[in-house]
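Quick caveat: nothing in here was measured; it's all calculated off a predicted structure. A, B, ... follow the sequence lines: proteins, then strands. Residue 1 opens every chain.
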Amino acid sequence: MLREHEVGGSNPPAPTIFCYEEEMEGYSVKEVEKKWQDYWKKINLFKTKAVPQKKYYVLEMFPYPSGDLHIGHMKNYVIGDVISRYKLMQGFDILHPMGWDAFGLPAENAAIQRGINPEKWTYNNIAVSKNTMKLMGLSYDWEREITTCAPDYYKWTQWLFLKLYAHKLAYRKKASVNWCPSCQTVLANEQVEEGTCYRCHTPVKKRDLVQWFFKITDYADRLLEDLEKLDKWPLPVKTMQQNWIGRSEGAEIDFSLDKIDQSVRVFTTRPDTLFGVTFMVFAPEHELVPKLIKGTSQEDEVKKYIEQAGKKSDLERTSLKEKDGVFTGSYASHPLTGEKIPIWVADYVIMGYGTGAIMGVPAHDERDFEFAQKYKIPIKTVIRPKAVEDFDAAQKGAAYTEKGIMVNSEKYTNLTSEKGIKEILKDLETNKIGKAAIYYKLRDWLISRQRYWGAPIPMIHCEKCGVVPVPEEDLPVLLPEEGVDLTPKGKSPLASVDAFVNTACPKCGGSAQRDADTMDTFVDSSWYFLRYTDNKNKKEPFNKAKIDAWMPVDQYIGGIEHAVLHLLYSRFITKFLYDIKRIAYDEPFKALFTQGMVLNKGEVMSKSKGNAVPVGPFVERWGSDTGRITILFAAPPERDLEWTEEGVQGSNRFLNRVYRYGMQHLDEVKHIDIKDMEVATLTPEELKLYKNVHQTIKKVTHDLELFHFNTALAFLMELLNRLYRVQKANKFLLRFAIEKYMLLLSPFAPHLAEEMWQKLGFTTSIFKTDWPGFDPNYIQDVEIEIVIQINGKVRSRLTTEPDTPEEAVKNAALEDEKIKKYLAAKEIKKIIYIKNKLINIVIK
RNA sequence: GCGAGAGUGGCGGAACCGGCAGACGCGCUAGACUUAGGAUCUAGUGCCUUCGGGUGUGGGGGUUCGAGUCCCCCCUCUCGCACCA
């Protein structure tokens with residue numbers, strides 16, 4: 001018995017596992033798979049057509065080349081490979097490329113820790129990964145390979161930056177940003193998970209820094225609305241994007257201030273609660289706070305509070321903490337009643353959303369309620385539930401947050417919330433103290449990184465001319481290879497490379513400095529799927545005709561972890577390129593499939609956890625086909641999959657059985673042409689098998705369309721079991737069954753299917769053969785079983801021809817011996833007949 | 001707290017519109033072939049049973065001739081968001 005740790009290990013393989021057919025000497029899976037991989041390459045099977053007629057673009061998320069690929073990676077690629085081969089056999093012109101998301105921190109860390117050049121490290125890893133992919137026999141067109149850290153790729157990433165800049169969608173601003181102290185760089189909002197860095201899970205800190213942003217918020221509405229177009233995306237991903245964009249409709253309302261001759265703007269989704277405002281809260285970072293407290297008795301206390309709040313991380317400020325705050329000693333006046341409203345500072349209001357100031361309506365907002373209770377601020381009810389005449393939130397001890405009927409609201413009293421919102425907005429607008437507004441949770445995409453191994457931001461800082469873009473013809477701005485100290489010091493390593501930084505201003509020719517930051521690697525991957533369509537173009541990122549011929553991606557496959565990262569960024573960049581008329585589609589991925597993870601001993605398979613099963617040694621021992629079947633059969637692909645030794649053995653057993661069956665009958669069927677088969681001469685038993693083949697073609701095809709690979713394989717196993725049970729059969733029928741069987745199996749176990757195909761005497765690749773169709777005339781079974789129920793319980797069965805009329809079935813059922821026994825002296829109330837399925841006799 | 005998804009044998013998982021629950025595989029049991037079996041083949045395998053049958057899809061109720069599937073309530077788990085005004 002193999003122990004689990006031996007899977008893919010270095011033990012010499014047992015010969016019976018290693019061979020499809022134990023009797024055949026020197027016949028190893030390894031050699032057979034190599035043979036067909038070489039053959040596919042030789043005949044250019046996966047070469048992309050320059051001009052596709054009927055295109056199909058299938059793509060798996062490209063990996064970061066960390067070296068050894070493990071089974072978790074393999075799952076992603078195998079799913080894509082099945083689809084690609086299936087579509088190929090259906091006559092599509094396929095684009096199925098692969099590449100490397102090659103910029104990123106691990107290369108830099110390896111360089112720091114072990115003194116290896118990041119470029120060298122990365123290209124070594126690419127070589128290893130690529131070699132492993134070749135062992136898997138994946139159907140990539142390697143001519144289309146791209147590498148994001150190669151200058152001929154990142155030149156165009158920089159080009160993209162310049163285009164965004166030209167359209168005012170790339171800008172620089174000072175902002176409070178997320179800083180990861182471990183990675184020593186800033187992060188975009190999407191890259192912070194529960195207050196920690198998505199990569200290393202160190203709690204992030206806030207820092208005020210000048211950084212480059214992409215204005216993704218300009219696209220918030222379209223990114224949200226167009227989710228509706230993505231009917232072939234999984235709902236959870238769409239929901240996550242929807243929540244992330246976080247659109248809310250409401251109003252901006254201005255409150256005038258007593259201390260200074262300025263008003264403060266708040267955002268609220270509930271203008272109908274305006275009469276319930278009993279206080280205001282400003283975020284500690286709000287720009288007006290210093291002005292408000294200047295010279296007051298509260299000044300010191302407020303300053304102290306702000307200072308403390310500033311020290312806390314986001315996590316400490318938000319999670320599970322009782323709200324606190326301080327009174328500023330200052331007041332605002334109510335825009336409609338003129339009432340004096342006390343202004344507080346509290347860190348439950350954050351600068352990052354809305355205007356950084358809120359109107360406090362404790363009666364109708366849970367957070368405001370909690371705050372008001374703590375500081376004994378009045379709670380004034382202005383909305384009542386429709387069904388309750390006199391409602392008081394303070395008495396009830398909880399905020400009423402639903403919509404309802406307005407009360408205590410002067411002329412608006414007795415209006416519904418919906419009506420009241422409209423009326424109040426109208427009046428605010430007339431008085432120019434408020435208007436309808438829509439706010440988003442989505443923030444602009446912070447793309448500067450203070451690290452070396454990324455695409456340099458193509459910008460130059462000139463004392464005279466300000467920020468000047470590098471002219472397009474000067475791209476790429478190359479990363480310096482010499483004299484770079486990579487040790488993180490909180491600023492970009494490039495900043496201290498004089499030869500890189502010092503340059504001439506493109507505008508005035510005077511001395512100037514290059515921007516020393518590099519771009520977020522998610523910028524690299526936000527457009528890579530476009531480059532595959534024209535990966536060798538030296539003049540432009542892609543040719544218009546070529547990209548329009550291939551885009552959008554028909555089927556994208558990857559992990560759900562990119563739901564609001566890569567997938568959102570890619571949609572944004574695609575829409576931008578559509579707007580500047582570079583591409584004809586404004587959504588990059590027509591269909592998305594998110595596969596589940598591979599677990600080993602209950603934990604996600606990963607190198608760092610030490611439970612990764614590397615693909616190389618595994619394939620070496622068991623073959624790629626066995627790995628593919630194990631992955632595809634064990635669970636539906638969207639679900640997590642527990643990798644087990646038993647699963648591997650079962651899959652290997654299945655493939656051996658397929659091969660053995662083929663070999664057993666090879667002599668018999670080798671020279672048969674199925675065109676000579678006469679279905680009319682088949683015996684009833686043979687006809688049944690013939691129909692089984694047609695039924696299997698139908699079911700496997702159907703399941704492939706739905707990504708139900710596990711059930712498709714179950715049907716193939718079932719058919720194989722039936723074939724084994726047939727002792728003697730018509731040669732033509734056997735040939736027919738084996739041929740169709742190999743075709744159906746080929747997307748799943750391509751090497752074995754190709755091998756058998758050749759043994760059957762074919763001289764062209766099985767993948768150049770049409771996917772089999774079924775004859776609808778041979779789908780229905782020769783005879784069917786009808787269940788006889790009494791009061792819904794199965795009591796007997798009868799066998800009959802399909803579509804037997806109701807009367808005949810009824811009579812037969814009533815004549816059934818077992819049934820008769822149940823019916824003795826009972827009154828039949830009614831009989832329900834479901835054609836070809838069951839008959840239910842209802843008795844008293 | 002909000003949002004999404006899921007709960008079916010010893011295990012992974014099947015079951016289209018409400019119509020035979022447990023396909024297929026693993027594991028297990030017995031047998032065959034064997035020097036051997038960790039190969040292969042055959043048969044069996046939800047649970048209980050007095051061998052008639054009873055019972056069974058997280059728990060409880062309901063609709064229906066009939067519910068894993070539809071409706072209501074509750075429990076558990078996974079994932080995402082998390083003071084979003």
Return yes if a side-chain donor-acceptor contact under 3.5 Å exists between A/Y305 and A/D324, otherwise no.
yes

In whole Å, what is the span from the CD atom of A/E646 to the P atom of B/G12?
13 Å

N/O donor-acceptor pair under 3.5 Å between A/Q241 side chain and A/A563 backbone:
yes

Give me the distance, rounded to whole Å, that separates B/U63 from B/A14 when you measure between the C1' atoms they each carry.
27 Å

Looking at B/C41, B/C20, B/C65, which one has an atom nearest to any side-chain atom of A/K830?
B/C65

For the side chain of A/K837 and the backbone of A/V787, is there at least one donor-acceptor N/O pair under 3.5 Å apart?
no

Among B/C83, B/U55, B/C24, which nucleotide sits nearest the side chain of A/M717?
B/C24

Can you tell which of B/G80, B/A14, B/A82 lies closest to the side chain of A/M240?
B/G80

Using Watson-Crick geometry (N1-N3 plus N6-O4 or O6-N4) or G-U wobble (N1-O2, O6-N3), each under 3.5 Å, B/U35 is paired with none

When you compare B/U45 with B/G59, how far apart are their P atoms, in angstrom units rounded to a whole number?
25 Å

So, is A/K821 close to the B/G52 phosphate, meaning a side-chain N or O under 4.0 Å from OP1 or OP2?
no

Roughly how far apart, to the nearest Å, are B/U57 and B/U76 at atom C1'?
16 Å

Between B/A14 and A/R639, is there an OP1 or OP2 to side-chain N/O distance shorter than 4.0 Å?
yes

Could you give the distance separating B/G68 and B/G3 at their C1' atoms, to the nearest angstrom?
26 Å

Just N and O in the side chain of A/N840: are any of them under 4.0 Å from OP1 or OP2 of B/C20?
no

Picking from B/C65, B/U55, B/G13, the nucleotide nearest the side-chain atoms of A/I832 would be B/C65

Under a 3.5 Å limit for both distances, which nucleotide forms a Watson-Crick or G-U wobble pair with B/C51, could you say?
none

Do A/Y833 and A/N840 have side-chain N/O donor and acceptor atoms under 3.5 Å apart?
no

Touch check for A/V281, heavy atoms < 4.0 angstrom, all strands: base, sugar-phosphate only, or nothing?
nothing

Measuring to OP1 and OP2 of B/G27, would you say a side-chain N or O of A/R653 lies under 4.0 angstrom away?
yes

Of the candidate nucleotides B/A82, B/A21, B/G53, which contains the atom at the shortest distance from the side chain of A/Y822?
B/G53

Would you indicate, yes or no, if B/A14 has its OP1 or OP2 atom less than 4.0 angstrom from a side-chain nitrogen or oxygen of A/N710?
yes

Which nucleotide in the list B/C26, B/C83, B/A23 gets nearest to the side chain of A/T711?
B/A23

Does B/C20 have a Watson-Crick or wobble partner in any strand here, with both distances under 3.5 angstrom, and which is it?
none

Output yes when at least one side-chain N/O atom of A/R660 is less than 4.0 Å from OP1 or OP2 of B/C41, else no.
yes

Donor-acceptor pair, A/R722 side chain versus A/M717 backbone, under 3.5 Å?
no

Give A/Q789 one of three labels, base, sugar-phosphate or nothing, depending on what nucleic acid heavy atoms sit under 4.0 Å from its own.
base

Take atom C1' in B/A23 and the same atom in B/C75, then report the distance between them in whole Å.
30 Å

Proximal nucleotide (of B/G53, B/C65, B/A4) relative to the A/V842 side chain:
B/C65

Candidate nucleotides B/C41, B/C83, B/A85, ranked by approach to the side chain of A/K323 - the nearest
B/C83

Among B/A85, B/U55, B/G12, the nucleotide that comes nearest once only the side chain of A/K793 is considered:
B/U55

State the pairing partner of B/G44; accept Watson-Crick or G-U wobble contacts with both distances under 3.5 Å, and report none otherwise.
B/C28

Which residue lies toward the 5' end of RNA chain B, A/A635 or A/N791, if each is placed at its nearest nucleotide?
A/A635

Euclidean distance for C1', B/C79 against B/A30 (whole angstrom):
45 Å

Please state whether the phosphate of B/C11, meaning OP1 or OP2, lies under 4.0 angstrom from any side-chain nitrogen or oxygen of A/T644.
no

Within-4.5 Å side-chain heavy-atom neighbours: A/N600 and A/K609
no

For A/F633 and A/T355, take the nucleotide of RNA chain B holding the closest heavy atom to each; which residue's nucleotide lies nearer the 5' end?
A/F633

Closest of B/C20, B/C81, B/A85 to the A/E785 side chain is B/C20

So what's B/C79 paired with, Watson-Crick or G-U wobble, going by both distances under 3.5 Å?
B/G3

Quickly work out the A/K837 NZ to B/C20 C1' distance and round it to whole Å.
11 Å

Axial cation check for A/F748 ring with A/R628, 6.0 Å and 45° limits:
no

